[in-house]
Each structure stands twice: as C-alpha cells, then as structure tokens.
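Quick caveat, the model's predicted, so the values are computed rather than measured. All values below were derived from every heavy atom in this structure, side-chain atoms included, with hydrogens, water molecules and symmetry-related copies excluded.
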Amino acid sequence: MRTGIFVGSFNPFTVGHDSIVTRALPLFDRLVIGVVGDQVHKPDMPSAEERIKTIADLYSEEPRIEVKPYYGLAVDFAKAENAHFIVKGVRSVKDFEYEREQADVNRQIAGIETILLFAEPQLSSISSSMVRELQHFGVDVSPFLPHKL
C-alpha cells in the first residue's frame, strides 16, 4: 500500500491545504493528515482534537484519508504510519528553499522522500497566518476555508 503523509499545525486548515490534499490523493492508496499535537503553544490555537475533528469531518466520505495527531519529527510519524512519502505544499521561492532543505535532511536521516506540490496560482497568497490575522480584524474568512460539498 502506497502511503503518504501531509503534516502541519493547520491553524486553520485552509483552501490551500485542501487543494494539496485533493491533488495528492490520486498518488496514494492512503493519505494521512498529521496534525501537530498540543505540544505547540501558539496564542489562540485550538486544541489538536478540535483541529483534527474539523479536518476529519471535511473528508469523512473519503476512506483513503485519515487524520491523526503527531508529535515530534515528521519522519518519525511517517515511519509509524508506514509511509515513504511526505507531501508538502509550496507557495513561493522562500517556501521552496525551506522545503528543499527539509527534504534533503529527511532523506538523509530516514530515507523518506518528499513530494512538493506547487500551490495553484489563485491560492498562492493564502496562509493560515493570513487567515488568523483577517479573523482578528473581524473579516469574514469563509472564502479561505474549505467546506464540505
């Protein structure tokens, strides 16, 4: 079984994240979305349980997707899930350089390959931090959040 993981804090899970999941899914028999556990303390961050529930509800009709908490290194989570691939989204050159370095290290320490999917142009400016900032100022962020069909 070909398994990939897609990891992040997903605070919140955006239409950009959804795009990466939708585009990565045909590559795998199983895609595990790993949500950073509660060991990360960011102001106003919902619990891992809340973030997991939101994402799991979104994909409840797709049996190939699982949503789980993870702690520690992504490569350790990948090994625990018997995954040989980490899926990452890239919006910019800055993202690319960061992810390229991470991919090199992950391959060296664990033999895990990274698959980079470039953001769709209309989604390249969307980030969780941007959505949180807009929320802070009372802006309706619903266009930036995925909705179950």
Side-chain angles (χ1 to χ4, degrees), residues 1-133 141 144-149:
M1 177 179 287
R2 186 167 285 236
T3 300
I5 63 166
F6 179 48
V7 295
S9 60
F10 304 122
N11 178 31
F13 192 83
T14 69
V15 292
H17 296 127
D18 180 56
S19 171
I20 298 299
V21 168
T22 301
R23 292 166 47 219
L25 193 56
L27 303 173
F28 303 103
D29 302 307
R30 176 174 167 254
L31 183 64
V32 182
I33 300 173
V35 178
V36 171
D38 290 330
Q39 83 278 15
V40 174
H41 298 288
K42 294 181 181 178
D44 302 319
M45 184 155 91
S47 70
E49 184 177 291
E50 291 174 81
R51 290 175 283 134
I52 289 166
K53 182 179 179 343
T54 298
I55 300 165
D57 287 349
L58 184 64
Y59 299 112
S60 64
E61 302 297 318
E62 177 48 72
R64 295 175 295 162
I65 295 177
E66 298 175 32
V67 185
K68 299 180 176 185
Y70 89 96
Y71 306 89
L73 295 175
V75 292
D76 292 335
F77 181 63
K79 285 180 180 180
E81 293 300 324
N82 200 28
H84 294 96
F85 303 94
I86 298 173
V87 176
K88 299 295 254 173
V90 176
R91 295 171 300 190
S92 65
V93 171
K94 181 180 170 187
D95 284 355
F96 175 81
E97 278 301 316
Y98 176 79
E99 296 301 347
R100 184 191 60 76
E101 290 173 2
Q102 292 297 308
D104 288 346
V105 170
N106 289 340
R107 191 178 321 99
Q108 287 177 32
I109 66 172
I112 304 287
E113 289 293 339
T114 300
I115 297 173
L116 299 179
L117 294 178
F118 294 95
E120 295 177 79
Q122 71 273 20
L123 303 177
S124 64
S125 63
I126 297 172
S127 68
S128 293
S129 56
M130 180 270 301
V131 171
R132 287 192 311 273
E133 185 166 347
V141 296
F144 305 113
L145 304 175
H147 302 283
K148 197 170 184 178
L149 297 177

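Of the residues listed (I52, I55, V7), the one engaging I33 in a side chain to side chain contact (heavy atoms under 4.5 Å, CB included) is I55, and it is the only one.
For E97, the CD atom is densely surrounded, since the number of other residues' heavy atoms within 6.0 Å is greater than 12. Atom CZ of R100 sits in a crowded spot, with more than 12 heavy atoms from other residues, nucleotides or ligands closer than 6.0 Å. The neighbour count for E49 CD, taken as heavy atoms of other residues, nucleotides or ligands under 6.0 Å away, does not exceed 12.
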Test side-chain contact (heavy atoms from CB on, under 4.5 Å) on Q108 and V105 and set out the steps.
CA-CA 5 Å; Q108 287 177 32; V105 170; 5.6 Å; no
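Between the R30 side chain and the E81 main chain, a donor and an acceptor come within less than 3.5 Å of each other. Remark: side-chain polar atoms of T22 are not paired, donor with acceptor, to backbone N or O of S19 under 3.5 angstrom. Looking at R91, its side chain does come within 3.5 Å of a backbone N or O of I126 through a donor-acceptor pair.
Side-chain contact check for P146 versus H17: every heavy-atom pair is 4.5 Å or farther apart. Counting heavy atoms from C-beta on, the side chains of F10 and V67 never come closer than 4.5 Å. Using a 4.5 Å heavy-atom threshold, the side chains of F85 and L27 count as separate. Counting heavy atoms from C-beta on, the side chains of T14 and S127 never come closer than 4.5 Å. Under the 4.5 Å side-chain criterion, counting only non-hydrogen atoms from C-beta, V35 is not in contact with Y70. By the 4.5 Å heavy-atom criterion applied to side chains, L25 and Y59 are not counted as neighbours.
For F144, there are no ring-ring contact (aromatic ring centres under 6.0 Å, His included) partners, not counting sequence neighbours. In terms of the side-chain contact (heavy atoms from CB on, under 4.5 Å) criterion, T54 has no residue partners (sequence neighbours excluded).
Within the structure, salt bridge (charged side-chain N to carboxylate O under 4.0 Å, His left out) contacts touching residues 3-29 (residues at least two apart or in different chains) do not occur.
For K79 and D76, the salt-bridge test fails: no basic side-chain N is under 4.0 Å from an acidic carboxylate O. At a threshold of 4.0 Å, the pair E50-K53 does not count as salt-bridged, since none of the basic side-chain nitrogens sits closer than that to a carboxylate oxygen.
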